[in-house]
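Heads up: the structure comes next, in structure tokens.
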Amino acid sequence: MGHLTIKHVRAFVLRGGGADYHDQADGHWIDDHISTPMSKYPEYRQSRRSFGINVLGTLVVEIEASDGTVGFAVTTGGEPAAYIVEKHLARFIEGARVTDIEKIWDQMYQSTLFYGRKGLVINTISGVDLALWDLLGKIRQEPVHQLLGGAVRDELQFYATGARPDLAQKMGFIGGKMPLHHGPSEGEEGLRKNLEALATMRERVGPDFWLMLDCWMSLDVNYATKLAVGAHEHGLKWIEEALSPDDYWGYAALRNNVPKGMLVTTGEHEATRWGFRMLLEMGCCDIIQPDVGWCGGLTELVKISALADAHNAMVVPHGSSVYSYHFVATRHNSPFAEFLMMAPKADEVVPMFHPQLLGEPVPVNGRMRLSVLDKPGFGVDLNPDCQLHRPYNR
Ligand SMILES: C[C@H](O)[C@H](O)CC(=O)C(=O)O
Ligand SMILES: [Mg+2]
């Protein structure tokens, strides 16, 4: 096995749902007047697609070993990411041993430093890294959670992100995270509406069910503080991604300002151990939320998680389906996971990356037995009905 090498890497693009989970049709809760950094422009307030949230599409990375085994992964990044894989990163992948994951990561990261470090380039590196782990698992016939050192629990538990925490509660989830609808540019009236929505949901779910607000980078420290103080009486468990990911100083201030007991969370748009080091050392948050498809992949997430552990911070990865489930199962400081409700009305559990993956497990009663992850690699297949396009075929 150690002598198996990588024969080919191929990068495809795909449209519609899946890893680019914001690429949804009209009427979906995930694109219904959600507060964003673009909400200050009234023409971009109603829909995130209006400012281009779905412009990239999905990147599919396929890696084939010398024995013909194929590993794959999906993430966001689309055509520009496919270009980076085929025109730049392929040289570090093809010809390497299938076990060279750490070395390939370092070469991809160091060679793209002059134009990379965060965002699209790290999404791309993440996609390659996840495909390498999938390949290794398939070659060894072992699930990725075993390659990572083994699970620390037999069952995962989930909170749900969506417009209907009340329905999520009935479906057995441990909590519900709602999108914030109104930002600072909608003034006091918007703030009142935000608090009313939370109060209504609290009435529906009773006192004990976790309720959280996802602010998607859209607030400033002053507004976020007012929101947190107003939300305290409605038992808000955490305020998520309130500020720009670049505003480490703002997060540190917000964490001091929020009422005692309320958690500050962030990190889904942060990348690499160096980005998370800033969040952790500056005391920005209580929970970090790296997305394994965006933060540098599994190889990097393991390092980020160790850093968080040493700072007594929890790691609750953002979305990312099987790619995060295999990780969460192996970490003591990841006691629960996120499930994004991708049904348009958030009224039923559907696979998060549908329609791109086949065999994608979903929580039942808000839980997932480890045994459903006991398949080689990440345990999923690419749906052959999806129209793959390879724009930079070499
Ligand atoms: C609901 C949020 O605005 C976003 O679409 C998803 C997210 O940030 C999360 O799941 O966390
Ligand atoms: Mg979020």
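Each residue takes its place number in the sequence, starting with 1. Order of listing sets the numbers, starting from 1, for every ligand and every atom in it. Side-chain atoms are counted along with the backbone in the values below, which use heavy atoms only and exclude waters and symmetry mates.
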Could you check if a side-chain atom of [X] sits within less than 4.5 angstrom of a side-chain atom of [Y], using non-hydrogen atoms only?
X: Met368; Y: Glu155; value: no
X: Ile34; Y: Pro179; value: yes
X: Thr58; Y: Thr75; value: no
X: Ser35; Y: Trp216; value: no

The answer for which part of Arg48 has a heavy atom under 4.0 Å from ligand 1 is side chain

Would you say Glu338 has any N or O atom under 3.5 Å from an N or O of ligand 1, going by distance alone?
yes

Please report whether ligand 1 has a polar contact with Glu240, defined as an N or O pair separated by less than 3.5 Å (distance criterion only).
yes

Can you check side-chain hydrogen bond (donor to acceptor under 3.5 Å, both in side chains) on His354 and Tyr21, steps first, answer last?
CA-CA 9 Å; His354 176 80; Tyr21 59 88; over 6 Å; no

Atoms of type N/O/S from protein, distance to the Mg ion (ligand 2) below 2.8 Å
3

Considering only non-hydrogen protein atoms, determine which one is nearest to atom 7 (C) of ligand 1 and report residue, atom name and distance to 0.1 Å.
Asp214 OD2, 3.1 Å

Atom 6 (C) of ligand 1 has as its nearest protein heavy atom Tyr21 OH, 3.7 Å

Okay, side chain of Asn194, backbone of His182: is any donor-acceptor separation there less than 3.5 Å?
yes

Heavy-atom contacts with [X] under 4.0 Å: which atoms of ligand 1 show up? List them by number with element.
X: Ile30; result: 5 (O)
X: His22; result: 4 (C), 5 (O)
X: His318; result: 6 (C), 7 (C), 8 (O), 9 (C), 10 (O), 11 (O)

Is the centre of the Trp210 ring less than 6.0 Å from the centre of the Phe336 ring?
yes

Does this structure show an ion pair linking Lys7 with Glu94, if we count only N-O contacts that are shorter than 4.0 Å?
no

State the CG-OG1 distance between Asp31 and Thr36, to the nearest 0.5 angstrom.
10.0 Å

Hey, mind stepping through Lys87 and Tyr392 against side-chain hydrogen bond (donor to acceptor under 3.5 Å, both in side chains) and telling me if it holds?
CA-CA 8 Å; Lys87 302 285 185 185; Tyr392 302 104; over 6 Å; no

May I ask whether Gln289 has any heavy atom positioned less than 4.0 angstrom from an atom of ligand 1?
no

